[in-house]
Number of protein chains: 2
Amino acid sequence: MIINSYTNEDKVLLAVDCIIFGFDLEELKILLVKRSFEPEKGKWSLIGGFLKKEEDLDVAAIRVLHHLTGLNNIYMEQLYTYSKVDRDPADRTLSVAYYALIDIAKHDRELIEQNSAKWFPIKSTPTLIFDHNEMVERAMARLRRRALSKPIGFELLQQKFTMRQLQKLYEAILGKKLDKRNFISKFNSFDILIKLDEKDMSSSKKGAFLYKFNEEKYNRKVEEGFNFKI
Amino acid sequence: MIINSYTNEDKVLLAVDCIIFGFDLEELKILLVKRSFEPEKGKWSLIGGFLKKEEDLDVAAIRVLHHLTGLNNIYMEQLYTYSKVDRDPADRTLSVAYYALIDIAKHDRELIEQNSAKWFPIKSTPTLIFDHNEMVERAMARLRRRALSKPIGFELLQQKFTMRQLQKLYEAILGKKLDKRNFISKFNSFDILIKLDEKDMSSSKKGAFLYKFNEEKYNRKVEEGFNFKI
DNA sequence: ATTTTTAAGTGTTCTTTAGACACGTTTTTT
DNA sequence: AAAAAACGTGTCTAAAGAACACTTAAAAAT
């Protein structure tokens, strides 16, 4: 029987914090909550929670995210583990940061209000508790890199989107203007979008064609060696 | 006084495991230890240790690495945190994996023997305990990506190296043959190496010129917008 | 001593990719 | 009727990546 082999080792509290990205009005946003308990009660914070004995980190992150947004099946990735000894003044706590990409149109507005959460443009992120600003910066850097090599942008858009919206999204992620013609022709060369017969009429009376991401085709192409690269 | 605000939360054991890379005889290698305690005593394992209350993860990883190799000032990067509930049969333990790049010529051979450690070609990695094989794979993938965009290869070579050694290193990391002329002219175009007047005589009687990485120049160029890209 | 083998060193050409760049159409607003 | 806003589309140029072969030096083999 091999139990308690490590009884002399220190145990620690382990938190999970989520950077939740959304895209709205041509801007990248993150979802923050007003902290409801001490320490730092009343300050803005990432949404988080403690790891429970019976869950792994992914499950904890999904739980935390679901609790705040009501959403399931969200794109989510472990980012980094923060461990400075005094990062949380109340107790020795480590935190594993996750970032998530959601379709901002889908989240549950009531739940967000109940949790006194709010969307902030990433460029106007307030001062957050502990090392949370550092987490946001790292998440942003990771998102920028990922977006260049994986088609994760679609996670932030509605299922149907216009080319213009897609371009604005990439501009927001990469932090620079892109040439309309070059952008579209590059994306078309990938051949992973489906052009629909519908038009989006929300931003002009002429209307703009809607597209969908063809995930099956993308996966097939990846198997054959295709490499998404913006 | 804000203490014990989280008293009801579960605490866990947190380990640090290191994937230590070296480069020798044109091969990438990793350093493994024969585990000296239960569970899984006698099996091959990454070198690891438990996080102590008074250290952060980086410090713990440095401690573990120093304990095994006698080395300081090693290139090291946090990789990923592993958290499956049953990953360690003895107790609920999470592990934060780090990977390190060392100059294999410099490590302390005696210390390694004392710890019953051994270098394995990465391609002949044995079956390891727990999820350690998964860690090695992730480390390898990370190394491959990093090597493309940061000049970290030099960490694996001696201070002075030949162009051929550098090329063989990149071939080992990227897992493919590179064209000698293209490789050298690309590296020369970066203008971050110093060509020395010395020659390395170990692999031919004609001798091959030795080079050094000019780190100051590299840093200066980075400030000016230079982007290392193999 | 002649030939063969091994490693070092060096440029050019072709192909592919990235980046710059402008105008006609539709529809609404003034 | 003119102006303004959003949509959609193609070509040319520059830069980077990939393919490719021979000469020299020295030692080893015959």
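Order of the sequence lines sets the chain letters (A, B, ...), proteins ahead of strands, with each chain counted from 1.
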Can you tell me the distance, in whole Å, between the [atom1] atom of [X] and the [atom2] atom of [N]?
| X | N | atom1 | atom2 | value |
| --- | --- | --- | --- | --- |
| B:Arg181 | C:dG11 | CZ | P | 12 Å |
| B:Gln167 | C:dA7 | CD | P | 13 Å |
| B:Phe183 | D:dA19 | CZ | C1' | 17 Å |
| B:Met201 | C:dT6 | CE | C1' | 14 Å |
| B:Lys205 | D:dA27 | NZ | C1' | 7 Å |
| A:Lys229 | C:dA18 | NZ | C1' | 14 Å |
| A:Lys206 | C:dT29 | NZ | C1' | 17 Å |
| B:Asn182 | C:dG11 | CG | C1' | 11 Å |

(message) Please tell me if B:Arg164 has a side-chain N or O lying less than 4.0 Å from either OP1 or OP2 of C:dA7.
(response) no
(message) So, under a plain 3.5 Å distance rule, would you say the side chain of B:Lys186 forms a donor-acceptor pair with the base of D:dG17?
(response) no
(message) Under 3.5 Å, is there a donor on one side chain and an acceptor on the other for B:Ser95 and B:Asp17?
(response) yes
Within the distance-only criterion (no hydrogens, no angle test), does the side chain of [X] pair as donor or acceptor with the backbone N or O of [Y] below 3.5 angstrom?
| X | Y | answer |
| --- | --- | --- |
| A:Asn133 | A:Leu128 | yes |
| A:Arg146 | A:Ile152 | no |
| B:Asp179 | B:Asn182 | yes |

(message) Heavy-atom nearest nucleotide on DNA chain C for A:Lys176 versus B:Tyr211: which residue maps closer to 5'?
(response) B:Tyr211
(message) If you assign each of A:Asp179 and A:Ile230 to its closest nucleotide in DNA chain C, which residue comes earlier from the 5' end?
(response) A:Ile230
(request) Describe the nucleic acid contact of A:Ser203 in one word from base, sugar-phosphate, nothing, applying a heavy-atom distance below 4.0 Å. (result) sugar-phosphate
